[in-house]
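Report on one structure; see the data block that follows.
Given the structure is predicted, the values throughout are model-derived calculations rather than measurements.
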Amino acid sequence: MSRSLAVALFLWGCGSSNTYPDPICDSATSSWSPGTSAFEEVTEDWGLIGVEGTRVVAVDFDGDGWIDLHIHRGPHGAPESFDEEGGRRSWLLRNDEGRGFIDVTEQSGFRATRSGASGEGRAGSVVAFGDIDNDGDLDAITAVSDPNGDRTDHVTELLLNNGDGTFSLASEDLPFRLSTDAPAGVTFVDYDRDGVLDLWIVRNSVSGAPAQDHLYRGNGTGGFVEVTDQVGLRTNPWSSLDDLNNARAHSNAWSSNACDLNGDGAPELLAASYGRAPNHLWLNDGSGEFTNRSVASGYAFDDNQDYTDNQFFLCFCQANPSAAGCANAARPMISCGTINWRDDRDREPFRNGGNSGATTCADIDNDGHIDLLTSEIQHWWAGEGSDESEILFNTGDPDVVFERPGNEATGLTRELPQGSWDKGDMTNTVFDFDNDGWKDIFIGSSDYPGTRALLWHQHAPREFTRVETSDFFEHNRSHGVAVADFDGDGTLDIIVGNSRSRCSGATDCYERPQVRMFRNVMGGNFLQIDLEGTLGSNRDAVGARVQVATDDMVQTFEVGGGYGHYGAQNPHRVHVGLGASCEAEVTVTWPNRSGSTESATLPAGYRYLWVQASDDGPEIVSDL
């Protein structure tokens, strides 16, 4: 019997007796091993030929149980064109019950302008989805990163879902509708746990200067008010070295996120920063006020502050041999015509961090604490002091402290192809591609010669094996990623974007920035859970923590509200690989102020709808 048929036959409707059908399970299931092909390309089969982009969002925007897509490509701030000869920049794609994607961008009104002009759509380079009015369907924000635009017709907008697959523009009076702005990340979060989604918007540079990040509190009806100052999130302009080194200056953000890092139920706020500026971490005190823990937590930058192998420092020393630290400086490996070194600041800690693209929150090592994976662009000329992509393992300290064992210890190493110089890591995701219960890591490395999609399999706690492209797929300059069970078979598929930046004279670029879809063929035991909040929790259950215990392990998940480099999002649905187990004890901690919990023992092989405080408990749904 097929999994879909079994689910259709066994609708759960047994009241409080919690009687479920037998699990759909293979107790002999094993994890991936080298030489096993994990994915097959289905780009054309799913109707994605011609869809181009670097920002990938996967959510069920129409509420039919099938995961849909939003794809976007640059440039930032450019209006959408629906003319036949125009250059498409965005696609809202409806999943046709696992048979492929249907383009509904124009008819949905997702890019409609306030003027209603035909043939043109509204700009919006950063996209995130969340149910801001708790009516059961996903609303959205489309943020315009256009720092010098000074425009009023194409600005950051809130879109209200009409419940029929279409969207309408919300109020013109929202405080984030700015004519000149540079949002680099948008995350829906209920920071004060009042049952209403709020907005964390982080910003890059406006008119050449890093800008203040902002938190907006939602009122549950589509309105928002800025609360940045009153909750302690104010930062300073880039003028004081002391502020910069201690992450008290603006973030220069490239992505946002929010997750509960100390297990108290209250989400922390994150901003990953470009330009080797410190990443920002804001500790929530539980009442919705924040303390800056960026440096103290270890998130701002790593401990390596050595700049003496920076090629521009060596050029500086060649021109200034008597300067501090230059007596034994090596000969530079570059031409020193232009010395890109400011000796009054480039020795400082804030200049020896990373170019952080995206931070993902996940309990990677199954110890019950939410860890972080941060992608970094690492230029060879910057030396070893420049941060590289790595896992930050959460120690469980109530004040939030991370340890960085390094990539040699975890196995997240790679060899750059001959002639390659830079690691262009900007996007990433954490997912269990073989359903063995251990989360694996994907990093999209892009924009530089020789960069490509990278996948690592976690074969033991904190130990990873790099998966060869022959076992997953070859995808050069991989920029943008989303994972979801698009075809409803119980495994997580992957969709990747592509960048054509820096392609002049390169031989590894594709002709078009075509997105590609790869179907997971691994199989394995699983559970999927859709959560619906009531009783003081937001309807999406953003911030809910799900603990899944089997005989072999305990996994922890948290429902997110968008993250990543200029917008990324995986579904609110919790996907759990169960390894060889055929059932699991599942405990949900709801994102309300009391942190109420519910538990159930669930058989493998089904997708469940779990409505908070329902007398019937989790219900098997039949639309896989």
*Mind listing the closest non-hydrogen atom pair of Ala123 and Val144 along with its distance?*
O-CG2, 3.6 Å
*Does any N or O in the side chain of Arg89 come within less than 3.5 Å of the main-chain N or O of Pro79, such that one atom is a donor and the other an acceptor?*
yes
_Please give me the minimum heavy-atom distance between Arg217 and Asp194, naming the atom from each residue._
NH2-OD2, 3.0 Å
*In Å and rounded to the nearest 0.5 Å, what is the OG to CG distance from Ser614 to Leu609?*
8.5 Å
*Should the ring pair Phe486 and Trp46 be called parallel, tilted or perpendicular, given that the plane angle runs from 0 to 90° and is split at 30 and 60?*
perpendicular
*CD1 on Ile71 to CG on Asp103, rounded to 0.5 Å*: 11.0 Å
*Does any donor atom in the side chain of Glu289 or Ser287 lie under 3.5 Å from an acceptor atom in the other side chain?*
no
*Is Arg193 reaching over with its side chain to a backbone N or O of Gly286, donor-acceptor style, under 3.5 angstrom?*
yes
*Indicate whether the side chain of Thr359 and that of Thr374 have a donor and an acceptor atom separated by less than 3.5 Å.*
yes
*Do Gln107 and Thr166 have a side chain donor and acceptor closer than 3.5 Å?*
no
*Going by the salt bridge (charged side-chain N to carboxylate O under 4.0 Å, His left out) test, which pairs reach into residues 164-175, not counting sequence neighbours?*
none
_From CA spacing to verdict: side-chain contact (heavy atoms from CB on, under 4.5 Å), Thr534, Val611_ = CA-CA 7 Å; Thr534 62; Val611 179; 4.1 Å; yes
*His72 vs His70 aromatic rings, parallel, tilted or perpendicular, using cut-offs 30° and 60°?*
parallel
*Polar side-chain atom of Asn592 near backbone of Leu535 as donor-acceptor pair, under 3.5 Å*: yes
*Please report the shortest heavy-atom distance between Gly222 and Leu174, naming the atom on each side.*
O-CD2, 3.4 Å
_Looking at Arg519 and Asp489, is any side-chain nitrogen of the basic one under 4.0 Å from a carboxylate oxygen of the acidic one?_
yes
*Can you measure from CD (Glu532) to CG (Asn134) and round to the nearest 0.5 angstrom?*
9.5 Å
_With a 4.5 Å cut-off on side-chain heavy atoms, are Arg55 and Val127 touching?_
no
_Between Arg111 and Glu106 (salt bridge meaning N to carboxylate O under 4.0 Å), is one present in this structure?_
no
_Lys/Arg-Asp/Glu bridge criterion (N-O < 4.0 Å) met for Asp530, Arg607_ = yes
_Plane angle bin for His575 and Phe526 - parallel if under 30°, tilted between 30 and 60°, otherwise perpendicular_ = parallel
*asked:* Can a side-chain donor-acceptor contact be found between His565 and Thr427 if the only test is distance below 3.5 angstrom?
replied: no
*Give the minimum heavy-atom separation between Ala541 and Val559, together with the two atoms involved.*
O-CB, 3.3 Å
_Walk me through whether Phe110 and Phe129 qualify under ring pair (Phe, Tyr, Trp, His ring centres under 6.0 Å)._
CA-CA 12 Å; Phe110 195 77; Phe129 289 80; 5.6 Å; yes
_As an exercise, state the distance from OG of Ser273 to NE2 of His250, rounded to the nearest 0.5 Å._
12.0 Å
*Taking atom CG of Asp190 and atom CZ of Arg539, what is their separation to the nearest 0.5 Å?*
15.0 Å
_Whether Arg73 side chain and Ser499 backbone form a donor-acceptor pair below 3.5 Å_ = no
*asked:* As a quick check of understanding, evaluate side-chain contact (heavy atoms from CB on, under 4.5 Å) for Thr142 and Ser90, giving each step before the final call.
replied: CA-CA 11 Å; Thr142 59; Ser90 66; over 6 Å; no
*asked:* Treating Asp96 as the side-chain partner and Ile102 as the backbone partner, does any N or O pair qualify as donor plus acceptor under 3.5 Å?
replied: no
_Derivation of the side-chain contact (heavy atoms from CB on, under 4.5 Å) call for Leu159 and Leu169_ = CA-CA 5 Å; Leu159 293 162; Leu169 288 163; 3.5 Å; yes
_Side-chain donor-acceptor contact under 3.5 Å, Ser251 with Asn279_ = no
*asked:* Check whether Asn284 reaches the backbone of Pro267 with its side chain - one donor and one acceptor, N or O, closer than 3.5 Å.
replied: yes
*Step by step, would you call Asn161 with Asp135 a side-chain contact (heavy atoms from CB on, under 4.5 Å)?*
CA-CA 9 Å; Asn161 193 322; Asp135 65 352; 5.8 Å; no
*Nearest non-hydrogen partners of Ile364 and Asp371, listed with the distance*: N-OD2, 2.9 Å
*Over all heavy atoms of both residues, which pair between Thr587 and Ser599 is shortest? Give the atoms and the distance, please.*
OG1-OG, 2.8 Å
*Look at the aromatic rings of Trp254 and Tyr566 and report parallel, tilted or perpendicular, splitting at 30° and 60°.*
perpendicular
*If you measure from the Lys or Arg side-chain nitrogens to the Asp or Glu carboxylate oxygens, is any gap between Asp485 and Arg573 under 4.0 Å?*
no
*Qualifying residues under side chain to side chain contact (heavy atoms under 4.5 Å, CB included), relative to Ala211, sequence neighbours excluded*: Arg203, Val206
_Thr105 side chain to Arg88 side chain, donor-acceptor N/O pair below 3.5 angstrom_ = yes
